[in-house]
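Right, one structure below, let's go through it.
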2 protein chains.
Amino acid sequence: MVTIRDVARRAGVAPSTVSYVFNGSRSISEETRRRVQEAVDALGYHPRASARTLRSSRTHVLALALPRAAGLQDSVDGRFAIDVSDAANGLGYDLLLTTSQDKAEGLRRVALSGLADAAVLMAVDMEDARIDVVRELAFPAALIGRPADEDALPWTDLDWEEAAALAVRELAAAGHRDMVYLAPGEREVEGRRSYALRGIAGARRGARTTGAAVTVVHSVADPARLADRLRTVLGNPDADAGDGGGAGGAAGAGRGDGGGAAPTALIVQHPSAHHHILPSVTATGLRVPEDLAVVVIGTLPGDPASRALPRVELPVETLSFEVTWLAVAAAARQREGGAPSVTEPGARLLAESVGHLLIPPVLLPGTAPLAPPRH
Amino acid sequence: MVTIRDVARRAGVAPSTVSYVFNGSRSISEETRRRVQEAVDALGYHPRASARTLRSSRTHVLALALPRAAGLQDSVDGRFAIDVSDAANGLGYDLLLTTSQDKAEGLRRVALSGLADAAVLMAVDMEDARIDVVRELAFPAALIGRPADEDALPWTDLDWEEAAALAVRELAAAGHRDMVYLAPGEREVEGRRSYALRGIAGARRGARTTGAAVTVVHSVADPARLADRLRTVLGNPDADAGDGGGAGGAAGAGRGDGGGAAPTALIVQHPSAHHHILPSVTATGLRVPEDLAVVVIGTLPGDPASRALPRVELPVETLSFEVTWLAVAAAARQREGGAPSVTEPGARLLAESVGHLLIPPVLLPGTAPLAPPRH
DNA sequence: CTGTTAGCGCCTTCAA
DNA sequence: TTGAAGGCGCTAACAG
């Protein structure tokens, strides 16, 4: 184990000088710097993180709090984890994963034991228990997701509400009067997942704005059951009444002049349905886009399977970078007692002062056009 | 900041006593224990990880080295990250993500700065640079993936080779004489990704064993190009010669009595193709399973989109647990100077002594049967 | 521009 | 069954 003292001895300087060479907080003569560097290379010295942290009470580690809802987790989570890790590295931080089980236990433990300087909270609910935890502990944190209390903590998110409203508006502009909004599953709504509620609210708003009829249906993981629900709500003429069953999660919504006509458009917000939505629709006997226009919301960028459809992508990389920046800024603010540092122009400055950053949705064209309805 | 001394003072004991209460390595009177606990609760004391680590040189942190190949990463990676995190938590460890960019830089830094006790390496290549790094640094590590040198480090993996061979055998037993093996993309093969090479080797072995003709085709991310390649190799009668183009990644292989007949079965090993393989096949005009039997290898458990097909699932949870265990065991071995600890029976003991654990593939039935060929 | 020094909070040997 | 004390490796005052 080679320490700073070994280096100092070999370079013929004091340990503190070696430290300053590393931390660069005071001027060092070129000669001294060179000799220290030489000793470092010769001995293969590398500072111990624990000693540094104990002394400076800075870890240069960010905690990433994953939700870890029992059962299947979306591939979205992993994608965020990787991109946040990259962003953190770029800012000189490492990333510690905390799959907080119950009551944000992991997050609390990480904060209390000083394992991280700040936390990034993923997949937040409208009222998220983890928010209370970090506030109670005065632990710097930033969220991916827009909580009910928008001023409690810095956050960033895709504007899911506007994304849904935008999809409805565009479809209405193309002539569609009757649409179906395939929202995340019931459980996500009951769990008050932010993106789920915002998306549905946007769909309703779009319906009001355009006068189109928008029926909100909740998605299900199982493709067969999903096809059932779609069959029911899309009112396919030659439905062969497969498994029968109830009307599923159809929840009436949207007022407009569309009345009870058969829907001509489908908006899909459920992440895990993105991949098999097309087969599920095809299973109902409808052709896309001739019989039914399909728009997808929240797809992963670069996902080949969803490039065919018109869609609003989830800007994972941007969100990851911004939330990381917000978390690091929060840590800095806490260290310096609240003085906001003005280091970057533009959106970032805004994000820091306002405390959040809402990313406007962009509707990308798919291979298949936004076909107008047939009647 | 409440320290161990504050607790000691309030409980009327020495700091060391408090420490022993936490670490339980010597007997404490019930009375003392109670008073310490009371003080801990009252003051909200929590030990500092950095101080502990500095003193004990144990971090209780595992590093997870993700490959981070430029461009799109599979959702598989994220899934592993989460499951390894859970497994680590179960063994009393936290998980630090290192998205090692070039030359395993992140991993090296984490090891050198003592941020972790051991590493888990994901998505290993046959000859992986990270293996050299951890060996050079004598840093305990375990791999998810089976490297060329099987004895260099402990590892665990699905037996991809046997999985592919199994699929060929089962299809051959069902009467198929001509098959297509859709392997991972050319880049993954050139990068000598372990699972890619093993899978292809297994397909070849299956061909030899059964006498069936197996053509190996490399997958592509883009669904349209994939459909093209499939059209070419599956020799669809009513192919409308879409984009023309070359024969794509078709690489002749497999000897047998199948000769040049049209393939009746398709085996898919490319993870990112799993989701849209069915549409891509349908796009060629072939019906599944009437015209073409499809078997998928390496699907994620619980993925609703792939439940329909016969498949070999990737046992993410098992692999994650085992590799975590191997990594922790390696750390313990290093601490204790090589003495193998005998704490668990069965497979785990075996895994520890042999140093690796190869999981045998299981072919699960899909909704669609393994239809026999028509001719 | 550089050296000396005093801990950061904890664990663990040694002593009682 | 418990205390006292030293030091893990590093940083940040203070001196010069």
Side-chain angles (χ1 to χ4, degrees), chain A residues 1-40 43-61 92 109-117 335-336, chain B residues 1-37 39-40 43-61 92 109-117 335:
Chain A
M1 159 99 303
V2 35
T3 80
I4 206 172
R5 302 179 55 137
D6 300 322
V7 176
R9 192 157 30 232
R10 190 180 219 273
V13 298
S16 57
T17 302
V18 178
S19 174
Y20 283 118
V21 167
F22 269 80
N23 302 300
S25 53
R26 86 180 181 191
S27 47
I28 305 279
S29 80
E30 205 41 63
E31 164 65 5
T32 301
R33 183 184 303 280
R34 200 189 47 68
R35 283 172 49 201
V36 167
Q37 189 58 53
E38 199 174 41
V40 164
L43 299 174
Y45 168 75
H46 203 100
R48 302 262 98 189
S50 55
R52 242 197 233 263
T53 295
L54 176 59
R55 188 56 236 242
S56 65
S57 65
R58 290 199 54 184
T59 62
H60 288 279
V61 168
R109 192 175 44 73
V110 166
L112 286 173
S113 59
L115 274 167
D117 293 335
R335 265 201 314 281
E336 288 149 24
Chain B
M1 160 96 304
V2 33
T3 81
I4 207 173
R5 303 181 53 137
D6 301 323
V7 176
R9 193 156 30 232
R10 190 180 219 273
V13 299
S16 56
T17 302
V18 178
S19 175
Y20 282 119
V21 167
F22 268 80
N23 301 300
S25 53
R26 88 177 180 192
S27 50
I28 304 280
S29 79
E30 206 39 65
E31 164 66 6
T32 302
R33 183 184 303 280
R34 201 189 47 70
R35 282 171 52 199
V36 167
Q37 190 56 54
V40 164
L43 298 174
Y45 167 76
H46 204 100
R48 300 263 99 190
S50 55
R52 243 197 232 263
T53 296
L54 178 58
R55 188 52 235 249
S56 65
S57 67
R58 290 199 52 183
T59 62
H60 288 278
V61 168
R109 193 175 44 73
V110 166
L112 286 172
S113 59
L115 274 167
D117 293 335
R335 264 200 316 279

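So you know, we letter chains A, B, ... as the sequences are listed, proteins then strands, and number each from 1. The analysis underlying the following values was restricted to heavy atoms, covering all of them including side chains, and did not include hydrogens, waters or symmetry mates.
- Two residues are said to be in side-chain contact when any heavy atoms from C-beta on lie closer than 4.5 Å; I28(A) and T17(A) meet this criterion.
- Protein chain B touches strand DNA chain C; the 5'-most and 3'-most nucleotides with an atom under 4.0 angstrom of its non-hydrogen atoms are dG9(C) to dC14(C).
- Across all non-hydrogen atoms, the minimal contact from V2(B) to G44(B) is CG1-O, 3.9 Å.
- In this structure, CE in M1(B) is found 10.0 Å from NE2 in H46(B), a value given to the nearest 0.5 Å.
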Using the 3.5 Å cut-off, write out each protein N or O paired with an N or O of nucleotides 6-9 of chain D and the distance between them.
residue	atom	partner	partner atom	Å
dG6(D)	N2	R55(B)	NH1	2.4
dG7(D)	N2	R55(B)	NH1	3.1

Pick out the pairs of N or O atoms, protein on one side and nucleotides 14-16 of chain D on the other, that lie under 3.5 Å.
none

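- dT11(D) atom P lies 13 Å from atom CD1 of I28(A), rounded to whole Å.
- Judged as a salt bridge (charged side-chain N to carboxylate O under 4.0 Å, His left out), and not counting sequence neighbours, the contacts of R109(B) are D94(A).
- Annotation: salt bridge (Lys or Arg N to Asp or Glu O under 4.0 Å) contacts involving residues 4-15 of chain A, sequence neighbours excluded, comprise D6(A)-R9(A).
- At the heavy-atom level, T32(A) lies under 4.0 Å from the strands shown only through sugar-phosphate atoms.
- Across its full length, the helix from dC1(C)-dG16(D) to dA16(C)-dT1(D) shows an angle of 40° between the axes of its 5 terminal pairs at either end, rounded to 10 degrees.
- If you take OG1 on T3(B) and CG on L43(B), they are separated by 9.5 Å, rounding to the nearest 0.5 Å.
- Taking every heavy atom of residues 11-19 of chain B and every atom of DNA chain D, pairs under 4.0 Å involve G12(B), V13(B), A14(B), S16(B), T17(B), by number.
- Residue V110(B) comes nearest to A116(B) through the heavy atom pair CG1-CB, 4.0 Å, listed as atom of the first residue, atom of the second, then distance.
- Atom-to-atom, CD of E31(B) to C1' of dT2(D) comes out at 14 Å; the value is rounded to the nearest Å.
- Counting only residues at least two apart or on different chains, no salt bridge (Lys or Arg N to Asp or Glu O under 4.0 Å) pair has a member in residues 47-58 of chain A.
- Annotation for G114(A) and T59(A): closest pair O-CG2, 3.2 Å, computed over non-hydrogen atoms.
- Residues satisfying the side chain to side chain contact (heavy atoms under 4.5 Å, CB included) test with S29(B), not counting sequence neighbours, are E31(B), T32(B).
- For S16(A), the side chain to side chain contact (heavy atoms under 4.5 Å, CB included) test picks out A14(A), Y20(A), R26(A), with sequence neighbours left out.
- A search for side chain to side chain contact (heavy atoms under 4.5 Å, CB included) contacts involving Q37(A) returns V40(A), D41(A), not counting sequence neighbours.
- Here the shortest heavy-atom pairing between I4(A) and Y45(A) reads N-CE1, 3.5 Å.
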Check step by step if side chain to side chain contact (heavy atoms under 4.5 Å, CB included) holds for V18(A) and V13(A).
CA-CA 8 Å; V18(A) 178; V13(A) 298; 3.9 Å; yes
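- Taking the side chain to side chain donor-acceptor pair (under 3.5 Å) definition, one finds that S50(B) meets it with nothing, sequence neighbours left out.
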